[in-house]
Amino acid sequence: MQEKANSAKRPPSVGFVSLGCPKALVDSERILTQLKVEGYEVAPTYEGADLIVVNTCGFIDSAVQESLDAIGEAIHANGKVIVTGCLGAKNGDEGKNLITTLHPKVLAVTGPHATEEVMQAVHTHLPKPHDPFIDLVPDHGVKLTPKHYAYLKISEGCNHRCTFCIIPDMRGDLVSRPIGEVMREAESLKKSGVKELLVVSQDTSAYGVDIKYRTDFVNGRPVKTQFQQLAEELGQLGIWVRMHYVYPYPHVDRVVPLMAEGKILPYLDIPFQHSHPDVLKRMKRPASGERNIERIRAWRDACPDITLRSTFITGFPGETEAEFEHLLAFIEEAQLDRVGVFAYSPVDGAKANELPNPVPEEVKEERRARLMALQETISLVRNQAKIGKTLQVIVDETDDEGIVARSAADAPEIDGNVFIPMPENPALRPKVGDFVSVEIDDCDEHDLWGSITEH
Ligand code: SF4
(Lines give C-alpha, C1' and ligand atoms only; values in the text may rest on other atoms or scores of the structure.)
Protein backbone atom coordinates (compact mmCIF):
# COMPACT_ATOMS: atom_id res chain seq x y z
CA MET A 1 0.00 0.00 0.00
CA GLN A 2 2.83 2.31 1.01
CA GLU A 3 4.60 1.46 -2.25
CA LYS A 4 1.48 2.28 -4.25
CA ALA A 5 1.13 5.65 -2.52
CA ASN A 6 4.79 6.45 -3.32
CA SER A 7 4.51 5.48 -6.96
CA ALA A 8 1.33 7.58 -7.29
CA LYS A 9 3.38 10.56 -6.08
CA ARG A 10 6.39 9.80 -8.30
CA PRO A 11 7.05 12.74 -10.65
CA PRO A 12 6.65 11.92 -14.34
CA SER A 13 9.99 10.89 -15.75
CA VAL A 14 11.56 11.46 -19.15
CA GLY A 15 14.44 9.50 -20.66
CA PHE A 16 16.83 11.46 -22.87
CA VAL A 17 19.13 10.39 -25.69
CA SER A 18 21.49 13.14 -26.92
CA LEU A 19 23.32 12.61 -30.23
CA GLY A 20 25.29 14.95 -32.47
CA CYS A 21 27.62 17.92 -32.24
CA PRO A 22 28.29 20.38 -29.38
CA LYS A 23 25.51 22.62 -30.72
CA ALA A 24 23.02 19.76 -30.39
CA LEU A 25 24.39 19.13 -26.90
CA VAL A 26 23.49 22.69 -25.94
CA ASP A 27 19.92 22.10 -27.22
CA SER A 28 19.78 18.94 -25.08
CA GLU A 29 20.93 20.88 -22.03
CA ARG A 30 18.20 23.48 -22.58
CA ILE A 31 15.47 20.84 -22.85
CA LEU A 32 16.77 18.95 -19.81
CA THR A 33 16.93 22.19 -17.82
CA GLN A 34 13.31 23.02 -18.76
CA LEU A 35 12.17 19.50 -17.85
CA LYS A 36 13.80 19.88 -14.42
CA VAL A 37 12.36 23.38 -13.97
CA GLU A 38 8.89 21.97 -14.57
CA GLY A 39 9.40 19.14 -12.08
CA TYR A 40 9.95 16.20 -14.43
CA GLU A 41 12.50 13.59 -13.46
CA VAL A 42 15.17 12.43 -15.88
CA ALA A 43 15.19 8.62 -16.08
CA PRO A 44 18.49 6.79 -16.61
CA THR A 45 16.88 3.87 -18.51
CA TYR A 46 14.24 3.45 -21.22
CA GLU A 47 12.26 1.10 -19.01
CA GLY A 48 12.18 3.50 -16.04
CA ALA A 49 10.92 6.42 -18.16
CA ASP A 50 7.34 7.44 -18.94
CA LEU A 51 8.48 8.90 -22.25
CA ILE A 52 11.74 9.26 -24.23
CA VAL A 53 13.11 12.32 -26.05
CA VAL A 54 15.71 11.58 -28.74
CA ASN A 55 17.83 14.54 -29.93
CA THR A 56 19.10 13.52 -33.37
CA CYS A 57 21.87 14.46 -35.77
CA GLY A 58 21.29 14.59 -39.53
CA PHE A 59 24.62 15.74 -40.86
CA ILE A 60 26.29 12.72 -42.44
CA ASP A 61 24.90 9.33 -43.36
CA SER A 62 26.44 7.47 -40.41
CA ALA A 63 24.95 10.04 -37.98
CA VAL A 64 21.53 9.66 -39.64
CA GLN A 65 21.74 5.90 -39.22
CA GLU A 66 22.80 6.21 -35.58
CA SER A 67 19.84 8.53 -34.91
CA LEU A 68 17.34 6.25 -36.68
CA ASP A 69 18.67 3.26 -34.71
CA ALA A 70 18.33 5.16 -31.42
CA ILE A 71 14.72 6.06 -32.26
CA GLY A 72 13.92 2.42 -33.15
CA GLU A 73 15.51 1.20 -29.93
CA ALA A 74 13.57 3.74 -27.83
CA ILE A 75 10.26 2.79 -29.49
CA HIS A 76 10.99 -0.88 -28.94
CA ALA A 77 11.99 -0.49 -25.29
CA ASN A 78 9.55 2.20 -24.20
CA GLY A 79 6.96 2.97 -26.90
CA LYS A 80 6.47 6.70 -26.18
CA VAL A 81 9.05 8.69 -28.15
CA ILE A 82 9.44 12.36 -29.13
CA VAL A 83 12.13 13.22 -31.68
CA THR A 84 13.95 16.56 -31.96
CA GLY A 85 17.15 17.84 -33.62
CA CYS A 86 18.54 18.17 -37.12
CA LEU A 87 17.21 14.89 -38.46
CA GLY A 88 13.71 15.91 -37.34
CA ALA A 89 13.78 18.70 -39.95
CA LYS A 90 14.70 16.39 -42.82
CA ASN A 91 12.38 15.13 -45.53
CA GLY A 92 12.69 11.78 -47.27
CA ASP A 93 12.73 11.21 -51.05
CA GLU A 94 8.97 11.70 -51.46
CA GLY A 95 9.09 15.05 -49.67
CA LYS A 96 7.51 13.72 -46.45
CA ASN A 97 9.12 14.01 -43.02
CA LEU A 98 11.78 11.29 -42.85
CA ILE A 99 11.20 10.35 -39.21
CA THR A 100 7.40 10.03 -39.40
CA THR A 101 7.78 8.02 -42.63
CA LEU A 102 10.29 5.56 -41.15
CA HIS A 103 8.96 5.55 -37.59
CA PRO A 104 5.19 6.29 -37.73
CA LYS A 105 4.82 5.42 -34.04
CA VAL A 106 6.82 8.48 -32.95
CA LEU A 107 4.52 10.84 -30.98
CA ALA A 108 5.95 14.16 -32.21
CA VAL A 109 8.86 15.46 -34.31
CA THR A 110 10.57 18.87 -34.20
CA GLY A 111 13.65 20.35 -35.85
CA PRO A 112 16.69 21.59 -33.92
CA HIS A 113 16.69 24.48 -31.44
CA ALA A 114 13.06 23.85 -30.49
CA THR A 115 12.89 23.64 -26.71
CA GLU A 116 9.38 25.13 -26.64
CA GLU A 117 7.93 22.73 -29.22
CA VAL A 118 9.54 19.76 -27.49
CA MET A 119 8.09 20.90 -24.15
CA GLN A 120 4.62 21.30 -25.74
CA ALA A 121 4.84 17.75 -27.05
CA VAL A 122 5.98 16.50 -23.64
CA HIS A 123 3.03 18.31 -21.97
CA THR A 124 0.59 16.70 -24.43
CA HIS A 125 1.81 13.16 -23.84
CA LEU A 126 3.00 13.41 -20.22
CA PRO A 127 1.24 16.19 -18.29
CA LYS A 128 3.28 18.50 -16.09
CA PRO A 129 3.50 17.58 -12.41
CA HIS A 130 1.45 19.91 -10.20
CA ASP A 131 4.15 20.86 -7.77
CA PRO A 132 7.51 21.36 -9.48
CA PHE A 133 10.55 21.70 -7.25
CA ILE A 134 11.80 24.72 -9.14
CA ASP A 135 14.41 25.52 -6.48
CA LEU A 136 16.23 22.29 -7.16
CA VAL A 137 17.40 23.48 -10.57
CA PRO A 138 20.77 25.23 -10.47
CA ASP A 139 20.98 28.76 -12.04
CA HIS A 140 23.20 27.52 -14.83
CA GLY A 141 20.78 24.76 -15.86
CA VAL A 142 21.68 21.14 -16.48
CA LYS A 143 25.09 20.46 -18.04
CA LEU A 144 25.94 17.33 -20.01
CA THR A 145 29.66 18.14 -20.18
CA PRO A 146 31.93 17.57 -17.14
CA LYS A 147 31.53 20.37 -14.62
CA HIS A 148 34.88 22.02 -15.29
CA TYR A 149 34.15 22.86 -18.92
CA ALA A 150 30.99 23.87 -20.76
CA TYR A 151 29.88 24.83 -24.25
CA LEU A 152 28.52 28.35 -24.66
CA LYS A 153 26.26 28.63 -27.70
CA ILE A 154 26.16 32.23 -28.93
CA SER A 155 23.96 31.89 -32.00
CA GLU A 156 21.89 29.48 -33.99
CA GLY A 157 21.71 28.95 -37.77
CA CYS A 158 23.91 30.30 -40.55
CA ASN A 159 23.72 32.92 -43.32
CA HIS A 160 26.10 31.03 -45.62
CA ARG A 161 25.14 28.44 -48.18
CA CYS A 162 28.14 26.11 -48.48
CA THR A 163 27.21 23.64 -51.18
CA PHE A 164 28.13 20.54 -49.12
CA CYS A 165 26.06 21.56 -46.11
CA ILE A 166 22.36 21.41 -45.26
CA ILE A 167 22.57 23.05 -41.84
CA PRO A 168 21.00 26.34 -43.03
CA ASP A 169 18.05 24.31 -44.46
CA MET A 170 17.64 22.59 -41.12
CA ARG A 171 18.45 25.43 -38.72
CA GLY A 172 17.64 28.54 -40.74
CA ASP A 173 19.55 31.83 -41.00
CA LEU A 174 21.81 33.20 -38.27
CA VAL A 175 20.03 34.22 -35.04
CA SER A 176 22.44 35.68 -32.46
CA ARG A 177 21.69 35.68 -28.75
CA PRO A 178 22.00 39.18 -27.25
CA ILE A 179 25.37 39.64 -25.57
CA GLY A 180 23.78 40.38 -22.17
CA GLU A 181 22.07 36.99 -22.17
CA VAL A 182 25.25 35.19 -23.31
CA MET A 183 27.33 36.89 -20.60
CA ARG A 184 24.77 36.10 -17.88
CA GLU A 185 25.01 32.44 -18.87
CA ALA A 186 28.84 32.61 -18.95
CA GLU A 187 28.95 34.21 -15.48
CA SER A 188 26.53 31.70 -14.05
CA LEU A 189 28.59 28.83 -15.49
CA LYS A 190 31.72 30.30 -13.92
CA LYS A 191 29.91 30.61 -10.57
CA SER A 192 28.93 26.95 -10.77
CA GLY A 193 32.59 25.89 -11.07
CA VAL A 194 33.20 25.91 -14.84
CA LYS A 195 36.87 26.71 -15.60
CA GLU A 196 36.76 26.58 -19.40
CA LEU A 197 34.14 27.91 -21.81
CA LEU A 198 34.01 26.61 -25.38
CA VAL A 199 32.30 29.19 -27.56
CA VAL A 200 30.29 27.44 -30.29
CA SER A 201 27.93 28.42 -33.13
CA GLN A 202 27.84 27.74 -36.88
CA ASP A 203 29.82 30.91 -37.60
CA THR A 204 31.29 32.52 -34.48
CA SER A 205 32.95 35.42 -36.31
CA ALA A 206 29.54 36.51 -37.73
CA TYR A 207 28.11 36.89 -34.22
CA GLY A 208 25.64 39.79 -34.08
CA VAL A 209 25.55 40.57 -37.82
CA ASP A 210 21.85 39.56 -38.01
CA ILE A 211 20.86 42.07 -35.31
CA LYS A 212 23.19 44.80 -36.66
CA TYR A 213 25.48 44.37 -33.63
CA ARG A 214 22.69 45.70 -31.40
CA THR A 215 23.78 47.21 -28.07
CA ASP A 216 22.73 45.23 -25.01
CA PHE A 217 23.67 45.52 -21.33
CA VAL A 218 26.29 43.52 -19.45
CA ASN A 219 26.15 44.28 -15.73
CA GLY A 220 24.54 47.63 -16.54
CA ARG A 221 27.17 48.62 -19.16
CA PRO A 222 26.19 49.08 -22.82
CA VAL A 223 28.05 46.52 -24.99
CA LYS A 224 27.62 45.65 -28.66
CA THR A 225 26.55 42.14 -29.65
CA GLN A 226 29.68 41.51 -31.70
CA PHE A 227 32.53 38.97 -31.88
CA GLN A 228 35.37 41.18 -30.66
CA GLN A 229 33.27 42.65 -27.83
CA LEU A 230 32.23 39.16 -26.80
CA ALA A 231 35.88 38.05 -26.70
CA GLU A 232 36.74 41.11 -24.57
CA GLU A 233 33.87 40.49 -22.14
CA LEU A 234 34.59 36.77 -21.83
CA GLY A 235 38.28 37.61 -21.40
CA GLN A 236 37.43 39.44 -18.18
CA LEU A 237 35.97 36.35 -16.51
CA GLY A 238 39.41 35.00 -15.59
CA ILE A 239 38.71 31.46 -16.88
CA TRP A 240 39.77 29.71 -20.07
CA VAL A 241 37.80 30.80 -23.14
CA ARG A 242 38.21 28.86 -26.39
CA MET A 243 36.85 30.02 -29.76
CA HIS A 244 35.43 27.47 -32.20
CA TYR A 245 34.09 27.79 -35.78
CA VAL A 246 35.72 31.12 -36.58
CA TYR A 247 35.98 32.19 -40.25
CA PRO A 248 38.98 34.25 -41.31
CA TYR A 249 37.24 37.60 -41.80
CA PRO A 250 39.49 40.65 -41.35
CA HIS A 251 37.92 41.60 -38.00
CA VAL A 252 39.14 38.29 -36.53
CA ASP A 253 42.64 39.85 -36.53
CA ARG A 254 41.51 42.19 -33.75
CA VAL A 255 40.85 39.28 -31.39
CA VAL A 256 44.37 37.85 -31.70
CA PRO A 257 45.93 40.55 -29.43
CA LEU A 258 43.52 39.44 -26.67
CA MET A 259 45.07 35.99 -27.05
CA ALA A 260 48.59 37.42 -26.83
CA GLU A 261 47.58 39.23 -23.62
CA GLY A 262 46.32 35.97 -22.11
CA LYS A 263 42.69 37.20 -21.93
CA ILE A 264 41.32 34.35 -24.03
CA LEU A 265 43.10 31.14 -25.02
CA PRO A 266 45.54 31.48 -27.93
CA TYR A 267 43.52 29.00 -29.97
CA LEU A 268 41.56 29.42 -33.17
CA ASP A 269 39.42 26.71 -34.72
CA ILE A 270 39.03 27.81 -38.35
CA PRO A 271 37.44 25.34 -40.76
CA PHE A 272 39.27 26.23 -44.01
CA GLN A 273 38.06 23.04 -45.82
CA HIS A 274 40.34 23.69 -48.84
CA SER A 275 42.92 26.12 -50.18
CA HIS A 276 42.35 26.17 -53.92
CA PRO A 277 40.23 29.19 -54.98
CA ASP A 278 38.23 27.19 -57.54
CA VAL A 279 37.34 24.44 -55.06
CA LEU A 280 36.41 27.08 -52.44
CA LYS A 281 34.21 28.74 -55.06
CA ARG A 282 32.47 25.44 -55.82
CA MET A 283 32.05 24.95 -52.08
CA LYS A 284 30.74 28.56 -51.71
CA ARG A 285 32.85 28.96 -48.58
CA PRO A 286 32.68 32.12 -46.46
CA ALA A 287 35.76 34.37 -46.47
CA SER A 288 37.26 32.28 -49.28
CA GLY A 289 38.88 35.32 -50.90
CA GLU A 290 41.12 35.98 -47.88
CA ARG A 291 44.88 35.55 -48.20
CA ASN A 292 45.02 32.92 -45.56
CA ILE A 293 48.75 32.20 -45.53
CA GLU A 294 49.50 35.89 -44.94
CA ARG A 295 46.83 36.05 -42.25
CA ILE A 296 48.28 33.02 -40.47
CA ARG A 297 51.73 34.59 -40.56
CA ALA A 298 50.37 37.84 -39.08
CA TRP A 299 48.50 35.97 -36.32
CA ARG A 300 51.68 34.12 -35.40
CA ASP A 301 53.64 37.38 -35.35
CA ALA A 302 51.06 38.93 -33.02
CA CYS A 303 50.70 35.82 -30.86
CA PRO A 304 53.57 33.32 -31.26
CA ASP A 305 51.86 30.73 -29.01
CA ILE A 306 48.66 30.60 -31.03
CA THR A 307 47.35 27.11 -31.83
CA LEU A 308 45.57 26.84 -35.17
CA ARG A 309 43.13 24.00 -35.79
CA SER A 310 41.32 23.40 -39.04
CA THR A 311 39.41 20.82 -41.05
CA PHE A 312 39.72 19.93 -44.72
CA ILE A 313 37.76 17.92 -47.26
CA THR A 314 39.48 15.76 -49.88
CA GLY A 315 37.76 14.62 -53.08
CA PHE A 316 35.14 17.39 -53.26
CA PRO A 317 33.31 17.05 -56.61
CA GLY A 318 35.57 18.14 -59.45
CA GLU A 319 38.75 18.27 -57.32
CA THR A 320 41.63 17.70 -59.72
CA GLU A 321 45.04 16.32 -58.78
CA ALA A 322 46.47 19.84 -59.29
CA GLU A 323 43.87 21.34 -56.93
CA PHE A 324 44.66 18.69 -54.33
CA GLU A 325 48.38 19.41 -54.68
CA HIS A 326 47.60 23.09 -54.07
CA LEU A 327 46.07 21.97 -50.77
CA LEU A 328 49.15 19.88 -49.89
CA ALA A 329 51.36 22.91 -50.57
CA PHE A 330 49.08 25.07 -48.38
CA ILE A 331 49.33 22.56 -45.51
CA GLU A 332 53.11 22.46 -45.89
CA GLU A 333 53.32 26.24 -45.76
CA ALA A 334 50.66 26.93 -43.13
CA GLN A 335 52.19 24.52 -40.58
CA LEU A 336 48.87 24.27 -38.71
CA ASP A 337 48.94 22.61 -35.31
CA ARG A 338 45.80 20.47 -35.57
CA VAL A 339 44.09 19.23 -38.71
CA GLY A 340 41.05 17.02 -39.25
CA VAL A 341 40.67 15.55 -42.75
CA PHE A 342 37.47 14.10 -44.17
CA ALA A 343 36.99 12.36 -47.49
CA TYR A 344 34.01 14.11 -49.13
CA SER A 345 30.78 12.34 -48.29
CA PRO A 346 27.60 13.50 -50.05
CA VAL A 347 24.88 14.69 -47.70
CA ASP A 348 21.28 14.12 -48.79
CA GLY A 349 19.81 17.37 -50.14
CA ALA A 350 23.16 19.21 -50.50
CA LYS A 351 23.73 21.28 -53.67
CA ALA A 352 27.24 19.82 -54.12
CA ASN A 353 25.60 16.52 -55.14
CA GLU A 354 24.63 18.17 -58.44
CA LEU A 355 28.21 19.24 -59.27
CA PRO A 356 29.90 17.43 -62.20
CA ASN A 357 32.93 15.14 -62.01
CA PRO A 358 32.49 13.33 -58.70
CA VAL A 359 35.80 11.98 -57.41
CA PRO A 360 35.98 8.15 -57.11
CA GLU A 361 35.89 6.82 -53.53
CA GLU A 362 39.39 5.34 -53.67
CA VAL A 363 40.87 8.66 -54.88
CA LYS A 364 39.10 10.60 -52.08
CA GLU A 365 40.49 8.15 -49.54
CA GLU A 366 43.97 8.07 -51.03
CA ARG A 367 44.10 11.90 -50.93
CA ARG A 368 42.83 11.90 -47.36
CA ALA A 369 45.60 9.51 -46.36
CA ARG A 370 48.27 11.61 -48.15
CA LEU A 371 47.08 14.78 -46.45
CA MET A 372 46.96 13.09 -43.03
CA ALA A 373 50.46 11.66 -43.49
CA LEU A 374 51.83 15.12 -44.32
CA GLN A 375 50.03 16.73 -41.39
CA GLU A 376 51.26 14.06 -38.98
CA THR A 377 54.86 14.98 -39.74
CA ILE A 378 54.02 18.67 -39.16
CA SER A 379 52.08 18.01 -35.93
CA LEU A 380 54.93 15.84 -34.64
CA VAL A 381 57.52 18.58 -35.18
CA ARG A 382 55.23 21.17 -33.57
CA ASN A 383 54.70 18.92 -30.55
CA GLN A 384 58.45 18.15 -30.32
CA ALA A 385 59.08 21.89 -29.97
CA LYS A 386 57.15 21.72 -26.67
CA ILE A 387 59.54 19.22 -25.08
CA GLY A 388 61.38 20.89 -22.20
CA LYS A 389 58.73 23.61 -21.86
CA THR A 390 56.45 24.04 -18.86
CA LEU A 391 52.77 24.32 -19.76
CA GLN A 392 49.69 25.08 -17.72
CA VAL A 393 47.15 22.27 -18.14
CA ILE A 394 43.62 21.58 -16.93
CA VAL A 395 42.93 18.16 -15.40
CA ASP A 396 40.15 16.13 -17.09
CA GLU A 397 40.53 12.72 -15.39
CA THR A 398 42.54 11.14 -12.59
CA ASP A 399 43.06 7.66 -11.17
CA ASP A 400 45.72 6.04 -8.98
CA GLU A 401 48.06 5.61 -11.95
CA GLY A 402 47.89 8.93 -13.66
CA ILE A 403 46.27 12.10 -14.87
CA VAL A 404 44.74 13.01 -18.23
CA ALA A 405 44.91 16.73 -18.83
CA ARG A 406 44.81 19.28 -21.65
CA SER A 407 46.92 22.32 -22.46
CA ALA A 408 45.70 25.57 -24.05
CA ALA A 409 46.38 23.88 -27.41
CA ASP A 410 43.88 21.06 -26.81
CA ALA A 411 40.10 21.38 -27.09
CA PRO A 412 38.23 18.55 -25.35
CA GLU A 413 37.26 15.56 -27.49
CA ILE A 414 38.86 16.79 -30.73
CA ASP A 415 42.52 17.53 -29.92
CA GLY A 416 45.27 15.76 -27.97
CA ASN A 417 45.89 15.17 -24.28
CA VAL A 418 48.71 15.64 -21.83
CA PHE A 419 49.42 12.43 -19.88
CA ILE A 420 51.01 12.79 -16.44
CA PRO A 421 51.96 10.16 -13.84
CA MET A 422 50.19 10.67 -10.49
CA PRO A 423 52.73 12.30 -8.14
CA GLU A 424 53.76 10.27 -5.08
CA ASN A 425 53.53 13.39 -2.93
CA PRO A 426 49.85 13.72 -1.91
CA ALA A 427 50.23 17.51 -1.75
CA LEU A 428 50.92 17.57 -5.49
CA ARG A 429 47.94 15.38 -6.46
CA PRO A 430 45.41 17.41 -8.42
CA LYS A 431 41.65 16.98 -8.71
CA VAL A 432 39.57 17.05 -11.88
CA GLY A 433 39.20 20.68 -12.99
CA ASP A 434 42.44 21.85 -11.32
CA PHE A 435 45.09 23.77 -13.25
CA VAL A 436 48.65 22.45 -12.82
CA SER A 437 52.04 23.25 -14.34
CA VAL A 438 53.63 20.39 -16.25
CA GLU A 439 57.10 20.02 -17.73
CA ILE A 440 56.82 18.22 -21.07
CA ASP A 441 59.30 15.39 -21.67
CA ASP A 442 57.85 13.33 -24.54
CA CYS A 443 55.31 13.49 -27.37
CA ASP A 444 53.85 11.87 -30.44
CA GLU A 445 51.96 13.64 -33.23
CA HIS A 446 48.79 13.98 -31.11
CA ASP A 447 49.64 13.90 -27.40
CA LEU A 448 52.20 15.08 -24.86
CA TRP A 449 53.69 13.44 -21.76
CA GLY A 450 55.16 15.25 -18.77
CA SER A 451 55.32 15.61 -15.01
CA ILE A 452 53.88 18.08 -12.56
CA THR A 453 56.20 20.87 -11.43
CA GLU A 454 53.70 22.97 -9.53
CA HIS A 455 50.19 22.67 -8.20
S1 SF4 B 1 29.30 28.10 -42.79
FE2 SF4 B 1 28.84 26.66 -44.41
S3 SF4 B 1 29.37 24.65 -43.51
FE4 SF4 B 1 29.14 26.08 -41.81
S5 SF4 B 1 26.98 25.88 -41.21
FE6 SF4 B 1 27.11 27.61 -42.64
S7 SF4 B 1 26.60 26.67 -44.59
FE8 SF4 B 1 27.16 24.99 -43.23
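Counting begins at 1 with the first residue of the sequence. What you see below is based on every heavy atom in this structure, not just the backbone, and it leaves out hydrogens, waters and symmetry mates. For ligands, and for the atoms within them, numbers begin at 1 and follow the listed sequence.
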| said: Distance alone, cut at 3.5 Å: any donor-acceptor contact between the side chains of Asp415 and Tyr267? | reply: yes
| Is the distance from atom 6 (Fe) of ligand 1 to the nearest N/O/S atom of Cys158 under 2.8 Å? | yes
| message | Which option wins on minimum heavy-atom distance to atom 3 (S) of ligand 1: Arg285, Gln202, His160? | response | Arg285
| field | Minimal non-hydrogen separation, Gln335 against Arg300, with atom names | value | O-NH2, 2.7 Å
| For the residue pair Phe435 and Trp240, is the inter-centroid distance of their aromatic rings smaller than 6.0 Å? | yes
| task | Please work out whether any backbone atom (N, CA, C, O) or any side-chain heavy atom from C-beta onward of Pro168 is under 4.0 Å from ligand 1, and answer side chain, backbone, both or neither. | result |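 Pro168 to ligand 1: side-chain contact only, backbone stays beyond 4.0 Å.
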| Residue portion contacting ligand 1 (non-hydrogen atoms closer than 4.0 Å) for Cys165 |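 It is the side chain that gets close, since no backbone atom is under 4.0 Å.
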| field | Arg367, Arg368, Arg282 screened by salt bridge (charged side-chain N to carboxylate O under 4.0 Å, His left out) with Glu319, the one that passes | value |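 The residue from Arg367, Arg368, Arg282 that satisfies salt bridge (charged side-chain N to carboxylate O under 4.0 Å, His left out) with Glu319 turns out to be Arg367.
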| For Tyr247, atoms of ligand 1 separated by under 4.0 Å from a heavy atom | 1 (S), 4 (Fe)
| Tyr245 to ligand 1, any heavy atom closer than 4.0 Å |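 For ligand 1, residue contact (heavy atoms, under 4.0 Å) with Tyr245 is absent.
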| Above 12 or not: heavy atoms from other molecules or residues under 6.0 Å from CZ of Arg214? |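 12 or below, so no.
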| message | Parallel, tilted or perpendicular, judged at 30° and 60°: which one describes the rings of His251 and Tyr249? | response |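 Ring orientation of His251 relative to Tyr249: parallel.
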| Which residue and heavy atom of the protein sit nearest atom 7 (S) of ligand 1, plus the separation |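 Looking only at protein heavy atoms, the one closest to atom 7 (S) of ligand 1 is Cys162 N, 3.4 Å.
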